[in-house]
Amino acid sequence: MSTEVQEMPEQGEIVLATVTKVMDHGAYVILDEYDNLQGFLHISEIAPGWIRSVNRFVKDGEKKVLLVKKVNPQRGDIDLSLKQVSKDQKKQKLKEVKKFEKGKTLLQNVQEKAKLSDEDIEKLEDNIYLKYDSVYDAFIEIGRNGIDSVKELKIPKKTASIIEEICSKIKLPSVEIRGIMEITNSKSDGIEIIKKILLDELKKDSTIGITYLGAPKYRLSITSEDFKSAEKSLKPIITNIQSNIEKKKGAFKFTREESKKTREN
């Protein structure tokens, strides 16, 4: 007889589950991250107010982000809630799951190329989790800063070389903030003055992009790994361009546009 104890979720935990059976008084689900452990979603925890039909909110086979309301380890009962999960919690959970799946795929790729055993790959994964929240985060770090950025993980040379090769092909997540510069200079060589100032700024930083939209408008864009870094870079760039334009008796105006976030592959 097996003595292995089934791991249970904790009360208050946010989990991903698959609906397996919908009934009049609720729905049974299996918890994807807990070896398909079964839980129950009562009708009163599906949505606020009176519910005429459970099927309007949950359907067989659907994935749902749920809150663990109550756990009874002795009986194996897990009570769940859908209505108590906020939009932010749902978004964060789906992001975590997506990262986990990407990390899993990356490790499989490493295992195949490096011809590692299941034990070797499990050891590598355990070492990564000692420092990073996910395997995907570790591989993004390597993609940005090279294999030496994780040298404390003591990855064997051959495996490290393969990981670095895989990471070099990952499209790194990034953000772009941008805005419209309206620049004028009434001097006879005003266009050349503006062009030189903008080109000089472009040479200083590879994360900057400047696109001519038709006089007097130019789009300035800054690409970075996160919004905080991008915003930090933006102000001095604008200040510098404005200062140089005004020194040459020109006029400068900047209007922000909507920021963009790239898709993570």
Side-chain angles (χ1 to χ4, degrees), residues 1-10 12-18 30-37 63 65 68 73 89-176 205-209 222-233 260-265:
M1 186 173 72
S2 175
T3 57
E4 187 177 338
V5 178
Q6 170 72 63
E7 184 184 1
M8 304 281 282
E10 295 181 5
E13 190 175 337
I14 302 295
V15 296
L16 184 69
T18 303
I30 54 173
L31 308 187
D32 295 8
E33 301 150 291
Y34 287 90
D35 294 326
N36 295 334
L37 195 64
K63 298 280 186 184
V65 176
V68 178
Q89 286 174 319
K90 179 180 178 180
K91 186 178 178 181
Q92 182 60 33
K93 184 63 185 179
L94 292 175
K95 185 178 179 182
E96 288 172 8
V97 170
K98 191 176 180 183
K99 276 188 177 184
F100 176 79
E101 292 299 332
K102 287 178 182 176
K104 191 175 175 182
T105 301
L106 289 166
L107 282 179
Q108 286 172 349
N109 202 355
V110 172
Q111 184 173 16
E112 288 170 9
K113 291 193 173 184
K115 294 180 170 57
L116 300 178
S117 66
D118 289 345
E119 186 180 343
D120 288 335
I121 209 73
E122 189 175 330
K123 184 179 178 182
L124 172 62
E125 186 176 13
D126 288 344
N127 286 339
I128 288 173
Y129 275 108
L130 289 175
K131 183 181 177 185
Y132 296 92
D133 291 334
S134 73
V135 171
Y136 179 71
D137 287 338
F139 276 54
I140 289 297
E141 174 77 15
I142 296 166
R144 289 195 198 282
N145 304 308
I147 198 69
D148 286 344
S149 62
V150 296
K151 58 185 176 183
E152 67 271 33
L153 298 181
K154 298 179 180 178
I155 301 171
K157 191 173 181 181
K158 181 186 174 184
T159 304
S161 177
I162 287 169
I163 289 174
E164 191 162 35
E165 180 192 343
I166 290 170
C167 290
S168 70
K169 297 173 183 176
I170 298 174
K171 184 179 179 182
L172 301 176
S174 63
V175 299
E176 181 188 77
D205 194 337
S206 61
T207 67
I208 300 173
I222 297 173
T223 304
S224 186
E225 59 187 79
D226 56 59
F227 285 112
K228 188 175 180 181
S229 302
E231 291 289 353
K232 189 176 179 181
S233 300
K260 295 197 304 183
K261 185 173 183 178
T262 66
R263 266 177 119 175
E264 298 176 6
N265 285 350

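- With contacts defined as side-chain heavy-atom distances shorter than 4.5 Å, the pair I140/P173 qualifies.
- Sparse packing is recorded around CD of E119, with 12 or fewer heavy atoms of other residues, nucleotides or ligands lying under 6.0 Å away.
- Under the 3.5 Å distance criterion, with hydrogens and angles disregarded, a donor-acceptor pair is assigned to the side chains of Q111 and D118.
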Steps toward salt bridge (charged side-chain N to carboxylate O under 4.0 Å, His left out) verdict (E33, K93): CA-CA 12 Å; E33 301 150 291; K93 184 63 185 179; 2.7 Å; yes
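- Put simply, the side chain of P9 reaches to within 4.5 Å of the side chain of L31, judged on heavy atoms.
- Within the 4.5 Å cutoff, no side-chain heavy atoms of L130 are placed close to those of L153.
- By the 6.0 Å contact criterion, NZ on K104 is open, its count of non-hydrogen atoms from other residues, nucleotides or ligands being 12 or less.
- The 12-atom threshold is exceeded at CG of D137, counting heavy atoms of other residues, nucleotides or ligands nearer than 6.0 Å.
- Between atom CG of residue L116 and atom OG1 of residue T159 there is a gap of 4.5 Å, rounded to the nearest 0.5 Å.
- Residues L37 and M8 are in side-chain contact: their nearest non-hydrogen atoms beyond the backbone lie under 4.5 Å apart.
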Criterion salt bridge (charged side-chain N to carboxylate O under 4.0 Å, His left out) on D133 and K99, from CA distance to verdict: CA-CA 10 Å; D133 291 334; K99 276 188 177 184; over 6 Å; no
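- Proximity of L172 to E225: side-chain heavy atoms (C-beta onward) are nowhere separated by under 4.5 Å.
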